[in-house]
Each structure stands twice: as structure tokens, then as C-alpha cells.
Amino acid sequence: MNIWQGMDEIPERVESSVITIGVFDGVHRGHQELISAAVRKARATGQQSVLITFDPHPVSVFLPERAPLALSSFDQRMSVVEKMGIDNVMVIDFTVEMAGWSPQEYVDRLLVNKLHASHVIIGENFTFGKDAVGTPEIMRQLCAARGIGVDVVQLLHDKTLADGEILVCSTAVRKYLMAGNVAAARRALGRPFSVYGPIVRGAGRGGKELGFPTANQYFPENLALPADGVYAGWLVVEGSNSPVNGNMVPGVAYAAAISVGTNPTFGDDERSVESFVLDREADLYGYGATVYFVDRIRSMEKYDSLDALLEAISRDVCSVREVLAQDLEMRDSSVIDHDSVAGEFFLQRALQGGSRD
């Protein structure tokens, strides 16, 4: 997959393309319908598929105080998009100048002159051009006059996410995460919500004082995280072919009890994601890891004594084993991409409480 950072990086060889446009934050199931439609159309007609996206989010340019929390990093978005078969991604740095384009300029300068679009696929809530005056109907009219086809995909609604019919959108996913409902976020996304970041040293008390060493990660304030609490999930060490000092292997999904919050028992102020990998021991400092959230175990609590905290953690680990043993849907999620024959062995041993050999 080619990634073009701005219009100037678009090669002249682009002759005819099928295009879909959006921020695609989180690349949820609604976004996936747009992307899949573009890929199918391009392949059926022997053309290149192009996804146009924005970085940073357009709202952060004009109303930074109202900018939504990001559901994924740019690299995470690109990873999902590539797996869906998109040929090219054009990243627009949404500047004040471009925001001043009229809908006609938008179509002529970007879709016609640069990308030579033959077909455009957008969602029914898509807007474009100065003051967002461009609508799907205006896109149809402008493109029809230029011999470009347009498909408008209806928004996705899902009755399984909550009481009543819920619109699958980035706003809904953020709402679920704020409530700690990572299971609903997973259904909206079509895969477990995940975060990726380097593993760094924390306070050091997890292994020394508690006997539960954790892989600690910190994230920017503009990235969405689940509500404070304890979760069941999977941890995958990423980005390294070198062996880990311990009994973990890069690229393998390991069962983990995940704590999100500020450690109120110890008075810590900085919010973090701390993962205790079940039945494994390894020195992970300096590695990056993806943490996948499956379900919430409990809210964050402050304990009066170390013994009370240790009892709670032990109960959490038991609950995590039960939740992940039932996580059969994992086989259909993005986590499966990390599994290997060895990974399957490690997963089963983790769920069964196997030894650390």
C-alpha cells in the first residue's frame, strides 16, 4: 500500500481511480463498509483504489478545544486499511487554505486533476468544501458533470450495541470507552479496541512489592482510553525480530489483566495502562506492545491495605482467565494475525494457568 503525504506526493502515473474519503478515526464497521465498497469497485474495474484521509483531524485545526479524542493512531488506522486491500492512501494536512476551497474546487483540484477519479464512494453524512456546504447530493451533481460516478453509502445502525437502534460511529465508540464498555466498542469497531505504545519503567512496585510485574505504557492526552478500571485482554509484543529476555515471543498474543488509571491506592497521578501478562516472565523494557481490550472486570478502587489489594488482584486474575477462555470471537479479530503455532500453545497454557517454563 502506498501512502502519499499530501497532494504533491501523488505520482503522475495515477490514471484512473476509485476513491473513498473520510477521517476514518478508529476504522469502525461503518468505515469498513465504505472501504470494502471502494476495494470491490476498483478490483472489478481494474483500477486503483484510493483512500483520502486527514491528519490531523479537521476539527483540531479550527476548534482545537472541541477536537475529539482519537480512537487510534495514524499507524493503527493504516494497518487496518492495508489489511482491507486499499492500494493507495492520500493524507491531507487539513490547512486553512484547503478549508477555503469551494465544493467545485475540491472536486476539480483533488478528485479530477490529481487523482483522475472515475468513481467516488462516500457516506451519507459526508460534507466537504468551505463551511462544509458540500453534501452528498452536491457531490453527485459536480461529479456527474465531470463523468464521475458516485455511490452514497447509508450509515450503519446496529441493534445489538445497546437498547434500541444505535448508529455505528466514532462518537458512539468514544461513549462506550468512557463508560468502560469495551465489549460494545469491540462490536462497533468489528475488532477489539487496542492501543499501541512503548513499554516503559513505572514505579517498580508491581513486581517488587506486589508480585505482579506489569508492562507499563503511557499515552498522549488526545488518545481515547477506556475508563479507569481493570480489564481482560491480550498483549502482543511488536516490532522486533530479536528474542525477548524471558519466555515471551514477539508477535504472540498473551492473556493479560490490564489496569487503566492512576493507581489510587498508592496516590499516583499519571494515568497509565499496566498489563500483567499471565504466567509469563520477560524483560520487555524498550519493546513496543499492542494491548487489546476484551471486557471489563471491575472499576478502579482504592484499598486500605496491601493485603486487600493483593486479594483483589488475585480475584482479577481468576476473572481474566474466565473471560478470555470464553473469548472465542478472538479467532475472528485482528489479534489472530499475530498468532502462530507457538502462539496457540502459549495462549492455551495461559488460559489453563500453565507453568512459566
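Along the sequence shown, residues carry numbers from 1. Heavy atoms only: backbone and side chains are in, while hydrogens, waters and symmetry mates are out. Please read these numbers as outputs of a predicted model, since none were measured by experiment.
A heavy-atom distance below 4.5 Å is found between the side chains of I19 and L111. Between S118 and T45, every side-chain heavy-atom pair lies at or beyond the 4.5 Å cut-off. Using a 4.5 Å heavy-atom cutoff, the side chains of V236 and Y254 are not in contact. Looking at heavy atoms from C-beta onward, V150 lies in side-chain contact with C143 at the 4.5 angstrom threshold. A 4.5 Å side-chain heavy-atom check between M248 and V277 finds at least one atom pair inside the cut-off. Two residues are said to be in side-chain contact when any heavy atoms from C-beta on lie closer than 4.5 Å; M90 and L110 meet this criterion. Between P103 and K130 there is no side-chain heavy-atom pair separated by less than 4.5 Å. Side-chain atoms of I86 and I35, non-hydrogen and from C-beta on, do get closer than 4.5 Å to each other.
Without hydrogens or angle criteria, E33 side chain to G30 main chain gives no donor-acceptor distance under 3.5 Å. Under the 3.5 Å distance criterion, the side-chain polar atoms of S72 are matched with a main-chain donor or acceptor of G26. At distances below 3.5 Å, at least one donor-acceptor pair connects side-chain atoms of N247 with backbone N or O atoms of E281. Although no hydrogens or angles enter the test, the distance criterion places no donor-acceptor pair under 3.5 Å between the side chain of T53 and the main chain of V91. Within the 3.5 Å criterion, the main-chain N or O of R191 finds no donor-acceptor partner in the side chain of Y292. Between the S319 side chain and the R315 main chain, a donor and an acceptor come within less than 3.5 Å of each other. Distance alone, capped at 3.5 Å, is enough to place a donor-acceptor pair between the T20 side chain and the I121 backbone. Formation of a donor-acceptor pair under 3.5 Å by the R77 side chain with backbone atoms of V23 is found in this model. For the pair D87 (side chain) and S49 (backbone), a donor-acceptor distance under 3.5 Å is present. Using modelled atom types, no side-chain atom of T290 and backbone atom of Y196 make a donor-acceptor pair closer than 3.5 Å.
F24 and M78 fall within the same hydrophobic cluster, defined by Ile, Leu, Val, Met, Phe, Trp and Tyr side-chain heavy atoms under 4.5 Å apart, directly or through other members. Using a 4.5 Å cut-off between side-chain heavy atoms of Ile, Leu, Val, Met, Phe, Trp and Tyr, with links allowed through other members, V153 and L156 fall into different hydrophobic clusters. At a threshold of 4.5 Å between side-chain heavy atoms, the hydrophobic network of Ile, Leu, Val, Met, Phe, Trp and Tyr places V112 and L51 in two separate groups. There is a path of hydrophobic side-chain contacts, each under 4.5 Å, that joins V195 to V252. Cluster annotation: V39 and V152 are assigned to distinct hydrophobic clusters (Ile/Leu/Val/Met/Phe/Trp/Tyr, side-chain heavy-atom contacts under 4.5 Å, transitive).
Taking a cutoff of 4.0 Å between a charged side-chain nitrogen and a carboxylate oxygen, R186 and D295 do not qualify as a salt bridge. Salt bridge status for D108 with R146: present, with a side-chain N to carboxylate O gap under 4.0 Å. The residues D228 and R298 are annotated as not salt-bridged, no charged nitrogen and carboxylate oxygen being separated by less than 4.0 angstrom.
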> Do V317 and F276 pass the side chain to side chain contact (heavy atoms under 4.5 Å, CB included) test, and can you show the C-alpha distance, the side-chain angles, and the key distance before you say yes or no?
Replying inline: CA-CA 9 Å; V317 169; F276 169 62; 3.9 Å; yes
> Would D75 and S73 satisfy side chain to side chain donor-acceptor pair (under 3.5 Å), going step by step from the backbone distance to the final call?
Replying inline: CA-CA 5 Å; D75 288 342; S73 68; 5.4 Å; no
>> Run the side chain to side chain contact (heavy atoms under 4.5 Å, CB included) test on E238 and Y287 for me, step by step, so that the C-alpha distance in whole Å, both residues' side-chain angles and the decisive distance to 0.1 Å come before the verdict.
In response: CA-CA 7 Å; E238 306 272 19; Y287 290 90; over 6 Å; no
>> Please evaluate residues V323 and V320 with respect to the criterion side chain to side chain contact (heavy atoms under 4.5 Å, CB included), reporting the C-alpha separation (whole Å), side-chain torsions for both, the decisive distance (0.1 Å), and the verdict.
In response: CA-CA 5 Å; V323 168; V320 166; 5.8 Å; no
> What do the steps show when you test Q48 against V18 for side chain to side chain contact (heavy atoms under 4.5 Å, CB included), and what is the final call?
Replying inline: CA-CA 6 Å; Q48 291 280 298; V18 177; over 6 Å; no
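Separating the CG atom in D158 from the NE2 atom in H28 is a distance of 12.0 Å, to the nearest 0.5 Å. Rounded to the nearest 0.5 angstrom, H119 NE2 and S16 OG are separated by 11.0 Å. Taken from NE2 in H116 to CD in Q47, the straight-line distance is 12.5 Å, to the nearest 0.5 Å. L278 contributes atom CG, which lies 9.5 Å from atom CH2 of W234 (distance to the nearest 0.5 angstrom). To the nearest 0.5 angstrom, Q217 atom CD is 9.5 Å from S272 atom OG. The structure places CZ of R187 at 16.0 Å from CZ of F193, a figure rounded to the nearest 0.5 Å.
Here the options are I313, I258, D316, the test is side-chain contact (heavy atoms from CB on, under 4.5 Å), and the partner is V230; only D316 passes. Among V81, I52, N2, the one residue that satisfies the side-chain contact (heavy atoms from CB on, under 4.5 Å) test with V89 is V81.
The minimum heavy-atom distance linking D25 with A70 is given by the pair OD2-CA, 3.7 Å. In plain terms, the two heavy atoms of V294 and L324 that are nearest each other are CG2-CD2, 3.9 Å. The shortest heavy-atom contact between L71 and A224 is CD2-CB, 4.0 Å. In terms of heavy-atom proximity, L235 sits nearest to A215 at CD1-CB, 4.1 Å. Of all the heavy atoms in I3 and E9, the pair that sits closest is O-OE1, 3.9 Å. Nearest heavy atom pair, residue V260 against residue P226, reads CG1-O, 3.5 Å.
Surrounding CD of E137 are more than 12 heavy atoms belonging to other residues, nucleotides or ligands, all under 6.0 Å away. More than 12 heavy atoms of other shown residues, nucleotides or ligands fall within 6.0 angstrom of atom CD in E124.
Ring-centre distance between F128 and F126: below the 6.0 Å cut-off.
R201 forms a cation-pi arrangement with Y285, by the criterion of a distance under 6.0 Å to the ring centre and an angle within 45° of the ring axis.
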